[in-house]
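One structure is given here, and the rest of the page talks about it.
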Amino acid sequence: MSIQQQGYGHQEQLLYQARPDHPQTLKSNRDHIHNLCNQHRNQHVRVETLDGETFEGMIMHCDRGILYLRLQATSGQRALSPFSSVILPLVLYELLVITLLYL
């Protein structure tokens with residue numbers, strides 16, 4: 001780890017730097033998932049994230065690395081919210097699995 005002297009007496013310490021191949025791999029994965037999501041817009045899917053969370057809903061839109069998933073509220077959730085559904089934004093590079101559901 002290096003510490004560099006900057007103007008006006010400020011110092012910087014590099015905490016993290018991605019491997020040289022990492023940005024291209026992330027961009028490639030993001031573009032691939034983006035294309036898949038746009039091809040399956042308005043279809044019901046199950047999405048699993050890297051953190052182990054699972055969501056079911058309809059793909060509404062995909063833009064700038066974000067998937068917009070419409071979640072249907074259950075009867076218990078409706079009492080807490082005046083809305084019948086919620087749009088959940090999910091970051092594409094945090095998605096682990098997207099499964100197309102046939103309802």
Side-chain angles (χ1 to χ4, degrees):
M1 217 176 294
S2 66
I3 297 178
Q4 299 176 348
Q5 184 73 30
Q6 299 297 316
Y8 305 108
H10 296 271
Q11 292 184 345
E12 292 181 355
Q13 181 178 1
L14 181 64
L15 297 179
Y16 169 79
Q17 185 171 2
R19 295 185 322 256
D21 65 322
H22 195 67
Q24 182 57 39
T25 300
L26 281 175
K27 184 179 181 322
S28 177
N29 286 343
R30 183 194 65 197
D31 292 347
H32 177 70
I33 296 170
H34 175 88
N35 290 333
L36 285 173
C37 290
N38 278 330
Q39 289 172 9
H40 293 91
R41 189 177 298 167
N42 297 319
Q43 294 187 7
H44 290 274
V45 294
R46 179 182 304 118
V47 177
E48 296 177 40
T49 69
L50 289 172
D51 294 328
E53 296 181 276
T54 302
F55 303 98
E56 286 189 19
M58 181 184 294
I59 295 175
M60 299 307 298
H61 185 66
C62 189
D63 186 38
R64 297 181 182 234
I66 306 291
L67 167 64
Y68 296 92
L69 190 68
R70 178 181 299 245
L71 305 178
Q72 294 301 318
T74 63
S75 58
Q77 291 172 323
R78 286 178 204 220
L80 301 175
S81 171
F83 306 105
S84 61
S85 63
V86 175
I87 304 294
L88 178 68
L90 297 168
V91 179
L92 292 184
Y93 68 80
E94 291 185 356
L95 305 183
L96 187 59
V97 178
I98 301 174
T99 304
L100 186 61
L101 300 176
Y102 297 97
L103 300 176

Item to check | From Q39 atom CD to C62 atom SG, the distance as rounded to the nearest 0.5 Å | outcome: 11.0 Å
Next on the checklist: Holding to salt bridge (Lys or Arg N to Asp or Glu O under 4.0 Å), I want the full list of residues that pass it with D31, two or more places apart in sequence or in another chain.
Outcome noted: K27
Next on the checklist: My understanding is that a hydrophobic cluster links ILVMFWY residues whose side chain heavy atoms are under 4.5 Å apart, including indirect links. Using that, what else belongs to the cluster containing V97?
Outcome noted: L50, L96
Item to check | Backbone of Q24 reached by a side-chain donor or acceptor of S28 within 3.5 Å | outcome: no
Checklist entry - For H44, what residues pass the side-chain hydrogen bond (donor to acceptor under 3.5 Å, both in side chains) criterion, not counting sequence neighbours? => result none
Next on the checklist: Does anything in residues 43-72 form a salt bridge (charged side-chain N to carboxylate O under 4.0 Å, His left out)? List the pairs, not counting sequence neighbours.
Outcome noted: R46-E56
Next on the checklist: Suppose we screen for side-chain contact (heavy atoms from CB on, under 4.5 Å). Which residues come up paired with Y102, at least two apart in sequence or across chains?
Outcome noted: L100
Checklist entry - Checking side chain to side chain contact (heavy atoms under 4.5 Å, CB included) for the pair L90/L69: CA distance, chi angles, key distance, verdict? => result CA-CA 8 Å; L90 297 168; L69 190 68; 4.1 Å; yes
Checklist entry - If you measure from CD on Q13 to CD on Q11, what distance do you get to the nearest 0.5 Å? => result 9.0 Å
Checklist entry - Can you tell me how far the CG atom of L67 sits from the CZ atom of F55, to the nearest 0.5 Å? => result 11.0 Å
Checklist outcome for this item: Using a 4.5 Å side-chain heavy-atom cut-off and chaining through intermediate ILVMFWY residues, the residues clustered with L36 come out as none
Next on the checklist: Under the rule for side-chain hydrogen bond (donor to acceptor under 3.5 Å, both in side chains), what residues qualify as partners of N42, not counting sequence neighbours?
Outcome noted: none
Checklist entry - What's the verdict on side chain to side chain contact (heavy atoms under 4.5 Å, CB included) for V45 and T99, showing C-alpha distance, side-chain angles and the deciding distance? => result CA-CA 5 Å; V45 294; T99 304; over 6 Å; no
Checklist outcome for this item: d(I59 CD1, N38 CG) to nearest 0.5 Å is 8.5 Å
Next on the checklist: Please enumerate all residues that pass side-chain contact (heavy atoms from CB on, under 4.5 Å) together with N35, with sequence neighbours excluded.
Outcome noted: none
Checklist entry - Roughly how far, to the nearest 0.5 Å, is CG of L92 from SG of C37? => result 6.0 Å
Item to check | For I87, the rest of its hydrophobic cluster, which grows through side-chain links under 4.5 angstrom | outcome: L26, M58, M60, I66, Y68, V91, Y93
